[in-house]
Structures are given as structure tokens and as C-alpha cells.
Amino acid sequence: MHNQPHPRRFGLPTATALVMGNIIGGGIFLLPASVAPFGTLSLLAFAVLTLGAIALALVFGRLAERDPRTGGPYVHARAAFGDFAGFLSAWSYWTMTWVSNAALAVAAVGYVHVLVPVHESRGVDLAVALLALWLPALANLAGTRWVGAVQLVSTVLKFIPLLFVAVVGLFFFDPDNLGSFNGSGGSALGGLSAAAAILLYSYVGVESASMSAGEVRDPRRNVGRASVLGTMGAAVVYLLGTVSVFGTVAHKELVASTAPFSDAVDAMFGGGWGGTLIALAAVVSIVGALNGWTLMSAQAPYAAARDGLFPAAFAVKRRGVPTFGVFVGVILASLLTVVNYTSGSSGLFEILVLITTFSATVPYLLAAGAQVYFLLSGRREEVRSGRFARDLVLALAGFGFSFWLVAGAGYAAVYQGVLFLFAGVLVYVWMAARRKSGAGVAEIAEATEVAGAADGPAAGTAAGVAATETATGGAATGGAAAGAPAAGAPATADSVA
């Protein structure tokens, strides 16, 4: 039931598209305006973050060489630090995915209004948001073939217009449009840190190939390659796109812009069609990201369920996809979306989105820490022999990048994120207790089976009773009726007889 064969695995191009498509969601279309107040110093911040993200991608590749199972960060955290750390990784990643999916669906609504200018109403907006959630979910339920096809096509379709703006914009580049190098008004280091705080989450999704390692063809080779190629592809779009927008839109206009890429297209070619083009690219980008993140929302609980740390239903796969996990993820995201549009207040929605900015970092920290642990604990051969120094530097860089993500989340996000993270401890306690109880029952059944096979039915029955007494720490329920002495009473000839 847990590992049904599926017709197709992700090749390197599809795995790369999964990483790149999950990294580039809807935020890129506002990114140049978000960092414009800090000046061109923000480009340096982007370059530093890109190096950190690539280091983390290489770490995931190294870890996949050691253990290429689905669940990536969870698998490695559990192998290094035990069940509890593994559970925290899976729990935090799972909550991050379905809450982020709800946020992506809500973001898609604004771009749809640009393409289809209809009268805005909560009912229509809710219907559009739910459609954005369920269409990718249906593609996931159809199996890995459809997931891969949708991801590849959507990544190409959103990559082309973004790369077009990024490359063509260089021919319209005007240095006079650039702002000052440091627009923060403080020190260069302070401006760099402030810009980085906004950009930190631009590379969330770098782990996508590792999380789906079990569905990747030749994962020991392709997970690392897909992680690095996808991250570098996203970096090219990010950096070139931001540079082009900086150079084609006047700085004062860019700081106040709500659609910087659209403004850049209009500045290059005139007219007002840039908004429509970019809105279409944004819808495609968000739908593609939802397709990939819907799969991610099922992979972490699937891996944890195989080890008894999530309910067993999450381990059910159909056509290569954990279908129960997909259903649960999209239903939770749908409920959150409904609450956002019907409650009249976005308070709960904003709190949950804030929590995800912290919970996304937990699997990164634990995975990078696991790599450091494997290298320093005398298990170097499990990672890769002959590359200890380089792998250790990469692992420490990946850990530092992950720690930077935590710091950049802000006090409120870390505080509420930690509370939500440890609320999952109750789930862990429940699952651990069930698993321990199940192990006791399994030991009783095994003892009964072995004794019965050796000595016949009568002896097998007696062995089963004895095993039950041992497992429960006392006499069997019917012990008193059989003449067994009460606990603490001395054994007598009559009781023995």
C-alpha cells in the first residue's frame, strides 16, 4: 500500500524545474520595488544570499548521496538526531507548505483581476483562490507524470517573460535611473543587512529535489545537480531582472511602484500592455509554484508516516504521489483561504503566514546540522570520502545561511513560530505512544508465532500468555482464576499446582 510502483520518475530537467518553480513564486514581481529604497547595495545583498543558497543546495546534494529517500531534510535530521528532531523537521515543513499555499492562492487573485477586470466581490475572489488551489491538487492526484509535466511547462512559461525583461532591459539600461549605492541612510553594513532581511526568503524551495528524492531518477546524482541548477536559474532571473528594472524605471517611481516589471515593460516599449503580460506571467508562476508546493506538502508527512511519526494514512501512495497528504494539505489551505475571505479580518491569516517565515528555516537548520554531525562524528564515508574539508565548509556555510534566515524572520515570527512548532509536541507524544504500544503487540505476536512453530499449538498458546504477562508487567487478566498469586503474595504449593 505504501510503495505502489508509479509510471514515471522525475528526470534532471523536471527535478530542476521543480526546484526553480518552487523558488520563483509570486514575490519576484514585487521584489525590485521592495529593495529599491536601499539602493543598488541590495544587489550585493542578493549576491551574498545566492552564494548561501547554493551552499545549502550542495549540502542537500551531498546528503542525498548518503540517503536518497523521499523526505530529504526530515530523513537526514532523524538519522542524525533521532525521532524527535525528525518529527520537528517534518511538522514545521508541513505547516509551512499548506499555509504558504493559501497565501499564494490569495496573491493570485490580484493578478487575475488585471487579466479579467470584473466587479470585485469576496465570493468571486474566494472562488478564484480555491480554483488556484484545487487545479494543481488535481494534477498531483493524477500522478507524478502530470506533476512533472505541469511543473516543466509552467516553469518554462514563467521563465521566458521574466528572462525577456531581464535581458532586453539591459539594452534600455540608463544609469541615471539608478538610485544611490546606499539609500538606507545608515552604514553600508546596516543597509546590506536590511536589504538582506527582505530578500532572505527568496530562495525557499531550494530543498524541493531533496524532499522528492524518492521520485527523482538516479537521486544520488540528480538531486544535487537539480538543486544547484534550479537555484542558479532562479538567481539569474532574480539578479538580471532586478538590475534591468533598476535601470529602466526611474528610482523615485520604482520606490512607489506596485508593479515594477510592468512599469519596466511600459518604459521599454511604451503603451500599457506591460501590465497584462506580467500579470499573465504572475498567474502562470503562482500556479506552477502551487503545483510544486502541493507535492511538497505531502512528501514530509509521507516520510514521517513511514517511520510511525505521522498517522499511517499519510504513507498511502497512488501513482507515485502521497494522495492522502495532498488531500489534507489542500483542504487545510482551502479552509484557511475561506477564513481569510469570510471572517472580515485577516488577523489569523497574517499570524499563520508570519509563522511560516520561521518554520521554513527549521528543516534547513537541522539538515545542515546533520551534515556537520555526519562529518564530525567519524561517519565521513557516509557522505563522501576524500572531500571532508570542502563538505565541512559547505555544511557550515549552509548552516550559517539557515541561521541567518532565522534571524531575518524577526522577533514576532520566531516567537509565534516556536509556539506553533512546540504545539506539535502533543502530536509527537501521541504518535510515539501509539508506536510503542504497537511494538509491544508485535513482540507478543512474534513470540507466540515462534513458540507455536517450535512446540505445537498448546505450547504456542502458553508462550503467548507468558509473553503477554511479560509485556504488561503483571499477570494476565485471567491469572487469578488460574490460581496465580496476587502481586506481592508469596508463591505457595497450591498456587504452583
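The structure presented is a predicted model; accordingly, all values stated were derived computationally and were not measured.
To the nearest 0.5 Å, atoms CG (Leu126) and CG (Leu131) are separated by 11.0 Å. Phe60 contributes atom CZ, which lies 9.5 Å from atom OG1 of Thr231 (distance to the nearest 0.5 angstrom). Here OG of Ser227 is found 11.5 Å from CD1 of Ile54. Values are rounded to the nearest 0.5 Å. With values rounded to the nearest 0.5 angstrom, Trp293 atom CH2 is found 7.5 Å from Thr97 atom OG1. Within the model, atoms CE of Met96 and CZ of Phe420 stand 12.5 Å from one another, a figure rounded to the nearest 0.5 Å. Note that CG of Leu366 and CZ of Phe399 are 8.5 Å apart. Values are rounded to the nearest 0.5 Å.
With contacts defined as side-chain heavy-atom distances shorter than 4.5 Å, the pair Leu295/Ser212 qualifies. No side-chain heavy atom of Val204 sits under 4.5 Å from any side-chain heavy atom of Ile23. The side-chain heavy atoms of Phe261 and Leu162, taken from C-beta on, include a pair separated by under 4.5 Å.
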### Task
Decide side-chain contact (heavy atoms from CB on, under 4.5 Å) for Leu58 and Val228; before the verdict, give the C-alpha distance in whole Å, the side-chain angles of both, and the deciding distance to 0.1 Å.
CA-CA 7 Å; Leu58 288 169; Val228 173; 3.5 Å; yes
### Task
Mind running side-chain contact (heavy atoms from CB on, under 4.5 Å) on His76 and Asp67 for me, showing each step along the way?
CA-CA 8 Å; His76 310 311; Asp67 191 342; 4.2 Å; yes
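Contact between Ser208 and Asn22 at its shortest, heavy atoms only, is OG-ND2, 2.9 Å. Annotation for Thr248 and Gly169: closest pair CG2-O, 3.6 Å, computed over non-hydrogen atoms. When every heavy atom of Met296 is checked against every heavy atom of Leu18, the shortest pair comes out as CE-CD2, 3.9 Å. Leu56 and Ser402 get closest at one heavy-atom pair: CD1-OG, 3.9 Å.
The aromatic rings of Phe310 and Phe87 lie tilted to each other, with the angle between the two planes from 30° to 60°. The aromatic rings of Phe422 and Phe84 sit tilted, their planes meeting at an angle between 30° and 60°. Aromatic ring orientation, Phe314 versus Phe324: perpendicular (interplanar angle above 60°, classes split at 30° and 60°).
Within a 6.0 Å radius of CH2 in Trp404, more than 12 heavy atoms belonging to other residues, nucleotides or ligands are found. Atom CE of Met232 sits in a sparse spot, with 12 or fewer heavy atoms from other residues, nucleotides or ligands closer than 6.0 Å. Heavy-atom neighbours of Phe269 CZ from other residues, nucleotides or ligands within 6.0 Å: above the threshold of 12.
In terms of modelled atom types and a separation under 3.5 Å, the side chain of Arg319 and the main chain of Thr144 share no donor-acceptor contact. For Asp307 (side chain) and Leu309 (main-chain N/O), no donor-acceptor pair under 3.5 Å exists by modelled atom type. Checked by atom type and distance alone, the side chain of Lys158 pairs as donor or acceptor with a backbone atom of Gly21 at under 3.5 Å. Between the Asn140 side chain and the Asn291 main chain, a donor and an acceptor come within less than 3.5 Å of each other.
Side-chain contact annotation: Asp263 with Ser257, donor-acceptor N/O pair under 3.5 Å present. Thr14 and Gln151 share no donor-acceptor pair across their side chains, judged by distance under 3.5 Å alone.
Here the two rings, on Tyr203 and Tyr238, have centers that are under 6.0 Å apart.
Annotation: side-chain hydrogen bond (donor to acceptor under 3.5 Å, both in side chains) contacts involving residues 83-94, sequence neighbours excluded, comprise Arg78-Asp83, Asp83-Arg435, Tyr93-Glu207.
Not a single side-chain hydrogen bond (donor to acceptor under 3.5 Å, both in side chains) links Thr40 to another residue, sequence neighbours left out.
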